[in-house]
Amino acid sequence: MKALAAALVKAQGQIKGAKKDSANPHFKSKYADLASVWDACRDALGANGLSVVQFGDYLDGQWVLRTTLYHESGEWVNSILPIPQAWLAIRVGESGKSPVSQAQAFGSALTYARRYSLAALLGV
């Protein structure tokens, strides 16, 4: 883990804060969406031989998000974030009229998990 740790130290010194450029009308707040978190760290990762892979998996009867940070040396570290069943439930759309499909609910939950997992892993 020596090469990965050294590269991560350098990358974290170059990572910028994610811009809160999205709005949450329910809570009347601004937040950094997944694209903003990636924009904050992508260049620093690449410049230091680091990459991130994220994918959904089904583990012990529950959906999880696997996030792996790789270094060009072959060293890596990963995290597993459970995706709560409540995030996957069919919900009423923002208009209050049309329900969100299961696929949309899953995509939304996965994107939410990806954003938080990436930010936590890299310290964004």
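Worth knowing before you read on, the calculation uses all heavy atoms, side chains too, and leaves out hydrogens, waters and symmetry mates. Small disclaimer: the values here were computed from a predicted structure and weren't measured.
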Is it possible for you to say whether Leu50 and Val37 belong to one hydrophobic cluster, with membership spreading through side-chain heavy-atom contacts below 4.5 Å?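 Hydrophobic grouping puts Leu50 with Val37.
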Other cluster members, Val64 - Ile/Leu/Val/Met/Phe/Trp/Tyr, side-chain contacts below 4.5 Å: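 Hydrophobic cluster check, Val64: joined to Leu59, Ile80.
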Cluster partners of Val9, using ILVMFWY side-chain heavy atoms under 4.5 angstrom, listed by chain and number?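 Val9 clusters with nothing; isolated.
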Are [X] and [Y] packed together at the side-chain level, in the sense that at least one heavy-atom pair is separated by less than 4.5 angstrom?
X	Y	answer
Leu69	Leu45	yes
Val77	Met1	yes
Val52	Thr68	no

Which residues satisfy the side-chain hydrogen bond (donor to acceptor under 3.5 Å, both in side chains) test with [X], sequence neighbours excluded?
X	result
Arg42	none
Asp57	Arg66
Asp33	Ser22, Ser36
Asn78	none

If the plane angle is over 60° it's perpendicular, under 30° parallel, otherwise tilted; pick one for Tyr58 and Trp63.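 Because their plane-to-plane angle is over 60°, the rings of Tyr58 and Trp63 count as perpendicular.
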List for me each residue that meets side-chain contact (heavy atoms from CB on, under 4.5 Å) alongside [X], sequence neighbours excluded, and say none if there are none.
X	result
Ala113	Leu65, Leu81, Ile83, Trp87
Ser73	Ala3, His71, Glu75
Ala47	Gln14

With Asp43, which residues qualify under salt bridge (charged side-chain N to carboxylate O under 4.0 Å, His left out), at least two apart?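 Applying salt bridge (charged side-chain N to carboxylate O under 4.0 Å, His left out) to Asp43 gives none.
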Residues 115-124, side-chain donor-acceptor partners within the protein, below 3.5 Å, at least two apart:
residue, atom, partner, partner atom, Å
Arg115, NH1, Ala32, O, 3.3
Ser117, OG, Thr67, OG1, 2.8

Which residue pairs pass the ring pair (Phe, Tyr, Trp, His ring centres under 6.0 Å) test when at least one of the two sits in residues 31-53, sequence neighbours left out?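 Every pair satisfying ring pair (Phe, Tyr, Trp, His ring centres under 6.0 Å) with a residue in residues 31-53: there are none.
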Thr111 side chain to Gly107 main-chain N or O, any donor-acceptor pair under 3.5 Å?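 Here the side-chain-to-backbone pair exists.
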